[in-house]
Amino acid sequence: MEEMKRNPRIESFLLTLKILFQSPASVFGVVVVLIYIAIAAIDQFDPSLIGLTNVNSLVPNFTIPEPLPPSPAHPFGTVYPGIDIFTGILKAIRIDIGFAFFVVILGAVSGVLIGVISAYFGGWIDEIVMRITDIFFSIPYLVLAIAIGFFLGRSLFILSVGLIIIWWPIYARVVRGQSLAVREQTFVEAARASGVGNSKIMFRHILPNTLAPIFVQFSFDLATIVLTLATLNFIGFAPANAYLPDMGYLSSIGYEYAVIGDWWTIVFPGFGLLLFALAMNLVGDGLRDALDPRLRR
């Protein structure tokens with residue numbers, strides 16, 4: 001036990017947790033995020049969620065049920081075409097969080113690798129990478145995502161690849177800035193003088209010392225990607241499977257009924273989005289404080 005306490009990495013991790021959980025807002029955010037992740041991990045996609053979608057085209061004189069208000073049988077009510085909103089949100093959490101993690105993890109890994117290589121070698125490599133990132137930053141990411149989907153297709157996979165292409169420059173820019181400072185440190189110069197290879201210096205000595213702001217950016221981006229997918233679905237830029245469970249899609253079909261008084265059809269899906277985005281931003285703020293060197297002294 002004493003050896004574990006003396007381990008610098010473990011001590012640093014415990015200190016981070018201690019500072020993170022000192023804030024009630026951060027604790028709230030962590031609890032909510034863990035609940036969402038647990039739902040995403042446990043729940044399974046159920047095609048019966050959309051079982052009433054095309055029944056009216058198969059059965060003559062079939063009438064799609066009108067939205068039902070919240071009740072013991074349907075805690076959040078129902079929406080077209082007979083979807084239980086509570087069940088729909090549970091399914092949407094799995095889709096949204098899985099999509100967000102896929103995009104952000106691959107975008108972050110790509111950007112981190114490009115950023116540390118660009119900073120370490122500098123010169124024309126760094127200049128080209130930075131100009132490419134400038135081009136991406138000059139175009140609103142939502143517009144770029146729509147353009148990519150328009151030309152390559154609107155499947156969920158194509159949409160995720162498009163967002164990965166858009167997202168890596170953020171991490172490349174952050175890691176590059178951190179790496180430029182770290183590569184001038186004495187321990188890096190000592191490693192270079194002792195004959196350590198470039199790849200080992202980059203990924204063993206420089207990269208581990210640039211990851212703190214990446215974790216903060218990662219938490220903010222998870223919320224942003226979920227909101228981006230919801231926005232694309234809400235404006236009708238949905239993947240090829242138009243009935244893919246997603247909180248943005250649930251909100252879009254609920255909006256038509258909310259304007260005539262069926263408030264629950266948009267309030268509950270919208271609240272599900274709001275709660276996750278708020279929780280991830282609270283976690284990001286908590287991590288930013290927990291990783292601040294001034295608060296760790």
Side-chain angles (χ1 to χ4, degrees), residues 20 23-43 49 67-71 74-80 83-104 140-142 145-146 156 159-160 163 167 170 215-239 243-289:
L20 179 65
S23 168
S26 298
V27 173
F28 172 78
V30 170
V31 170
V32 171
V33 170
L34 290 177
I35 291 174
Y36 271 67
I37 292 175
I39 292 172
I42 295 172
D43 194 62
L49 174 68
L68 300 176
S71 66
H74 304 286
F76 292 172
T78 66
V79 71
Y80 172 91
I83 297 175
D84 178 79
I85 295 177
F86 179 74
T87 303
I89 290 175
L90 294 182
K91 307 299 179 185
I93 287 173
R94 181 170 182 261
I95 296 293
D96 290 343
I97 291 182
F99 180 85
F101 269 97
F102 179 76
V103 170
V104 177
Y141 69 88
L142 197 58
I146 292 174
L156 194 62
L159 188 58
S160 65
L163 287 174
W167 235 257
I170 300 173
F215 292 125
V216 178
Q217 186 67 41
F218 187 91
S219 61
F220 289 136
D221 284 345
L222 284 175
T224 304
I225 291 295
V226 168
L227 292 175
T228 299
L229 179 61
T231 301
L232 291 172
N233 278 289
F234 186 83
I235 64 177
F237 197 80
Y243 293 97
L244 179 75
D246 164 75
M247 281 185 276
Y249 174 70
L250 290 175
S251 298
S252 69
I253 59 178
Y255 174 76
E256 299 178 10
Y257 294 93
V259 296
I260 60 174
D262 297 337
W263 56 269
W264 63 88
T265 60
I266 194 170
V267 167
F268 290 116
F271 181 75
L273 276 171
L274 172 65
L275 186 61
F276 180 75
L278 174 63
M280 286 308 311
N281 279 278
L282 290 176
V283 172
D285 287 337
L287 282 174
R288 184 167 51 197
D289 293 339

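Below, each value reflects all heavy atoms present in this structure, side chains not excepted, and no hydrogens, waters or symmetry copies. Remember, it's a predicted structure, so these values are computed and weren't measured experimentally.
Taking CD of Gln217 as the reference point, atom CD1 of Ile170 lies at 5.5 Å (rounded to 0.5 Å). Rounding to the nearest 0.5 Å places CD1 of Ile85 at 8.0 Å from CH2 of Trp264. Taking CZ of Phe101 as the start and CZ of Phe218 as the end, the distance is 5.5 Å to the nearest 0.5 Å. In this structure, Leu142 CG and Leu163 CG are separated by 9.0 Å, a value rounded to the nearest 0.5 Å. Atom CG in Leu159 sits 5.5 Å away from atom CG in Leu232 (nearest 0.5 Å).
With contacts defined as side-chain heavy-atom distances shorter than 4.5 Å, the pair Phe276/Ile97 qualifies. You'll find the side chain of Met280 stays beyond 4.5 Å of the side chain of Val32, heavy atoms only.
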Donor-acceptor contacts under 3.5 Å from residues 34-41 side chains, at least two apart:
residue : atom : partner : partner atom : Å
Tyr36   : OH   : Gly272  : O            : 2.8

Identify every side-chain donor-acceptor pair in residues 222-231 under 3.5 Å, counting partners at least two apart or on other chains, and give the distances.
residue : atom : partner : partner atom : Å
Thr224  : OG1  : Phe220  : O            : 3.1
Thr228  : OG1  : Thr224  : O            : 2.7
Thr231  : OG1  : Leu227  : O            : 2.7

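Across Gly270 and Ser251, no two heavy atoms sit closer than the pair N-OG, 3.8 Å. Nearest heavy atoms, Val283 versus Val33: CG2-CG2, 4.1 Å.
For Ser160, the side-chain contact (heavy atoms from CB on, under 4.5 Å) partners two or more places apart in sequence, or in a different chain, are Phe99, Phe102, Val103, Phe157. When the ring-ring contact (aromatic ring centres under 6.0 Å, His included) test is applied to Phe86, the partners found at least two apart in sequence or on another chain are Phe76.
Screening residues 272-287 for side-chain hydrogen bond (donor to acceptor under 3.5 Å, both in side chains), with sequence neighbours left out, gives Asp285-Arg288.
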